[in-house]
Protein chains: 2
Amino acid sequence: MDRKQEIITAATRSFSLFGYKATTMDQIAKIANVGKGTIYTFFENKEVLFQEIVLRMIAEMKQEATNVIKEDRTFQENAHLALMKMLEFRETHQLFAKIVDEEKDLRTPTVQQVLKQVEYAIVSFVKVKIDKYIEKGEIRQVNSELVAYLLLKAYLAFVNDWNITHDQSLSEEEISHIIQDTIFRSLLI
Amino acid sequence: MDRKQEIITAATRSFSLFGYKATTMDQIAKIANVGKGTIYTFFENKEVLFQEIVLRMIAEMKQEATNVIKEDRTFQENAHLALMKMLEFRETHQLFAKIVDEEKDLRTPTVQQVLKQVEYAIVSFVKVKIDKYIEKGEIRQVNSELVAYLLLKAYLAFVNDWNITHDQSLSEEEISHIIQDTIFRSLLI
DNA sequence: TTTGTGACCAAAATGTCCAAATGGTCATTT
DNA sequence: AAATGACCATTTGGACATTTTGGTCACAAA
């Protein structure tokens, strides 16, 4: 089978299971049934491999979100469906937050660069969707970049931060409802 | 002068200057011109002393936020002013700034716990205000705790986080405007 | 010739001491 | 009765030894 794909699969499993630091290149090579050197023929180093995997996950989520959106539905319906779809990845998002937090002291510019990139990818994606509905006249003319940024931060707050200070995490329905009730509602004409 | 007050003053200065971990009980005793044992006749231990001091800061924060609120203003205006005032504490109060820094790169458990208390205090404060305006009939019947939480996180995102990924920070007017446009708007009857 | 590999290396992480520092106590002083 | 600081048990941090790990490359396999 394709060696690169084997490596990506193994690395994804390992990073998801043990986090970034606790995953070793030897481990990935072993799981992928590949020599360690082989990994380095496809990926420059561990950081780049991780980055590649994160980028793929984002691409997958973008795809899923896109699939769920139907042109003939209202903004509210599509926004709700897209949000619920994203909440299906909730555990992945929580894990990612954990890894980022775990690596907080590793304030290397490279790590920061990746985070910036991830944030930009998500915000851009959401911004485009918002702009489309503004053009359609379904929602008000707002600063779509700021709204996209707020949506991301609000989502992360309810999915990740809430658990830090509360021992019962919010259900998907509660998260969807509160965002629906505040941000989405504000955007309607 | 009152020995307890001397201790509190000395401890506040020391915590503000050096943070929690780097402040020693000997140091506090020396600054307060008091025997170390005396501290323990007023405060059970270092942690309790620290909490007492942060509690005083929280009380001050609440007071300042309360002072900013005027009954004849709209909910949006009051909420904005109060939240901005509380977030400003990071710049105006050395103790708060020091604590935030220490939580970020030392991860001191006591400091983490105390910061949770600060967050809880702010959210509770905002929640009470929301409830009052719900009763007044100015805003819709929403889950006030979740809305308060969202408001705090939204302001934190725009006031603090935005600068991390963008080199131009947002003006107070821009922040006020975007929150009005995305959250406050949905709350109005 | 091209692709894959694992022994090898420098660097980073982890473990091990041990002396210095620190939180907390309590017999003694005021 | 209130205050104190010498004292103690525990923790911390620094120096050093040991292990682990990311990354390389000479060599093997295809």
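To find a chain, count down the sequence lines: A is the first, B the second, and so on, and within it residues start at 1.
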> Do any N or O atoms from the side chain of A:Tyr40 and from the backbone of A:Asn45 form a donor-acceptor pair under 3.5 angstrom?
Replying inline: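 No: the side chain of A:Tyr40 does not pair with the backbone of A:Asn45.
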> Does B:Gln180 use its side chain to pair, donor to acceptor, with the backbone of B:Gln76 at less than 3.5 Å?
Replying inline: no
Nucleotide [N], atom [atom2] - distance to [atom1] of [X] in whole Å:
X       : N      : atom1 : atom2 : result
A:Glu6  : C:dT3  : CD    : C1'   : 16 Å
A:Lys4  : C:dT3  : NZ    : P     : 14 Å
B:Ile7  : D:dA2  : CD1   : P     : 14 Å
B:Leu49 : C:dT22 : CG    : P     : 16 Å

> Does the ring centre of B:His80 sit less than 6.0 Å away from the ring centre of B:Tyr155?
Replying inline: yes
>> Check for me whether the distance between the ring centres of B:Phe43 and B:Phe50 falls short of 6.0 Å.
In response: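 No, the ring centres sit 6.0 Å or more apart.
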>> Just N and O in the side chain of A:Arg3: are any of them under 4.0 Å from OP1 or OP2 of C:dG4?
In response: yes
>> A cation-pi test, strictly: NZ or CZ of A:Lys98 under 6.0 Å from the centre of the six-membered ring of A:Tyr20 and no more than 45 degrees from its axis. Yes or no?
In response: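 No.
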> Is it true that the side chains of B:Glu60 and B:His93 contain a donor and an acceptor less than 3.5 Å apart?
Replying inline: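 Indeed, the side chains of B:Glu60 and B:His93 share at least one donor-acceptor pair under 3.5 Å.
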> Using a distance-only test with no angle check, is there a side-chain donor-acceptor pair under 3.5 angstrom linking B:Glu138 and B:Thr74?
Replying inline: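 Judged by distance alone, the side chains do not pair up.
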> Which angle, rounded to 10°, do you find between the first-five-pair axis and the last-five-pair axis of the helix from C:dT1-D:dA30 to C:dT30-D:dA1?
Replying inline: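 Its terminal axes enclose an angle near 30°.
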> With the threshold set at 4.0 Å, does a side-chain nitrogen-carboxylate oxygen contact exist between B:Glu52 and B:Arg56?
Replying inline: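 Answer for the salt bridge query: yes.
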> What does nucleotides 20-30 of chain D look like as a protein-contact string, B for base, S for sugar-phosphate only, - for none, at under 4.0 angstrom between heavy atoms?
Replying inline: -SBBB------
